[in-house]
2 protein chains.
Amino acid sequence: MFPSAVVAKESQLGRSENDHVITRPSLMKELAAQGVRMTAQRRLLVEIIQNARRHLDAAKLLELAQKQEPEIDRATVYRTLALLKDRGLIDELDLMHLEGEKHYYEARTNRDHCHMACFRCGAIMEFVSTLFEKLKREMAKQSDFQIRVVRLEVGGYCQKCRKEGK
Amino acid sequence: MFPSAVVAKESQLGRSENDHVITRPSLMKELAAQGVRMTAQRRLLVEIIQNARRHLDAAKLLELAQKQEPEIDRATVYRTLALLKDRGLIDELDLMHLEGEKHYYEARTNRDHCHMACFRCGAIMEFVSTLFEKLKREMAKQSDFQIRVVRLEVGGYCQKCRKEGK
DNA sequence: ATATGTGCAAATCTTTTGCAAATTC
DNA sequence: GAATTTGCAAAAGATTTGCACATAT
């Protein structure tokens, strides 16, 4: 879905054929369902996040929002991100801190997925697997832990970069 | 190994019986093997990290180090952490940002493991599983990606907190 | 009308950096 | 002795906050 994304096929059978397709439920609908008060700025930010072609950090989100609403402030961006995160509607990522300590955000997807970051070219690949689902179930069961958020990030070297010599 | 750690037993057979035991190779030996120049302060910091009973952040590491060497500076702590991280000898964790944006560090272990953080009580549990190993192999194979670092963090509610009512 | 959201500017928190002095091999 | 490491103090980067004003229901 994101330009640099590579979504792997299912590694095991037993589920629907489209299990490996990542979909992003409507944030606006979720917010409405949760009775969250909506403002013009929230609508704008949510729309940008929902339709982002890549992972956004707060500064980039602000920049994009200001193109349509120059008055919007950094604080509003951070406050809206906090709101969405608290409601479980977006996920916060580090993407291996390839460039600084900032965070990246993406709308929650129907399935948890892993982010693989290439230390050399910076490509971010997404990976979906039933093994991941199994692992989550195992963790929840064995530790009797109610999982709310999962973040699996991998850093290393992608195929392309390794071919080009390390 | 850490006080709040709960290390799960193997979920599947087929490996050595002690596969689920987490061990921490000697950082000092690794550094020597890699020909890293050692100084008194590095030795001190490395020793503290190696023997830490819990996950340390930079400020806590500095505090502990200053008990033995009051002259040691923040910058040295950060520079040493960067060195160890670059050499692949320590892992950097967020622990779900339960308290602020700081990072936590732990000596690399013989096996990758997941950190589960309780949003309510702050307990950190460690979880080892062959499923995790399988998942890593699957990611590496299917994406032809050379994995160097893996970070799996889970946030949610632990058994104890759920029993006490949410 | 009341509760909630927003802009602004300043503060906070964590981490990084330039440089002269000290240390290691 | 040459190269590397350290302390210091300042800077940088990301995120948060107090408060007066604006907006949503």
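In what follows, chains carry the letters A, B, and so on, assigned in the order in which the sequence lines appear, proteins first and then strands, with residues in each chain numbered from 1.
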Exercise. Give me the one residue out of V150(A), I22(A), V149(A), L135(A) that meets side-chain contact (heavy atoms from CB on, under 4.5 Å) with D112(A).
Key: V150(A)
Self-check item: Parallel, tilted or perpendicular, as decided by the 30° and 60° cut-offs, for the rings of Y157(A) and F119(A)
Solution: perpendicular
Exercise. At under 4.0 Å between heavy atoms, which parts of nucleotides 9-24 of chain D does protein reach? Answer with one letter per nucleotide, 5' to 3': B base, S sugar-phosphate only, - none.
Key: -----SBBBB-----B
Quiz item: Rounded to the nearest 0.5 Å, what separation is found between the NZ atom of K141(B) and the NZ atom of K134(B)?
Solution: 12.5 Å
Quiz item: Can you say whether the rings of H115(A) and H55(A) are parallel (under 30°), tilted (30 to 60°) or perpendicular (over 60°)?
Solution: perpendicular
Self-check item: Pairwise 5' ranking along DNA chain C for T80(A) and V36(B), keeping only the more 5' one
Solution: T80(A)
Quiz item: Does Q159(B) have any side chain to side chain donor-acceptor pair (under 3.5 Å) partners at least two apart in sequence or in another chain, and if so, which?
Solution: D144(A)
Self-check item: Nearest non-hydrogen partners of C118(A) and C158(A), listed with the distance
Solution: SG-N, 3.5 Å
Quiz item: Any donor-acceptor pair under 3.5 Å linking the side chain of R42(A) with the backbone of R37(A)?
Solution: yes
Self-check item: Range on DNA chain C touched by chain A - first to last nucleotide, heavy-atom distance under 4.0 Å
Solution: dA3(C) to dC8(C)
Self-check item: Main-chain N/O of D94(A) paired to E153(A) side chain as donor or acceptor, under 3.5 Å
Solution: yes
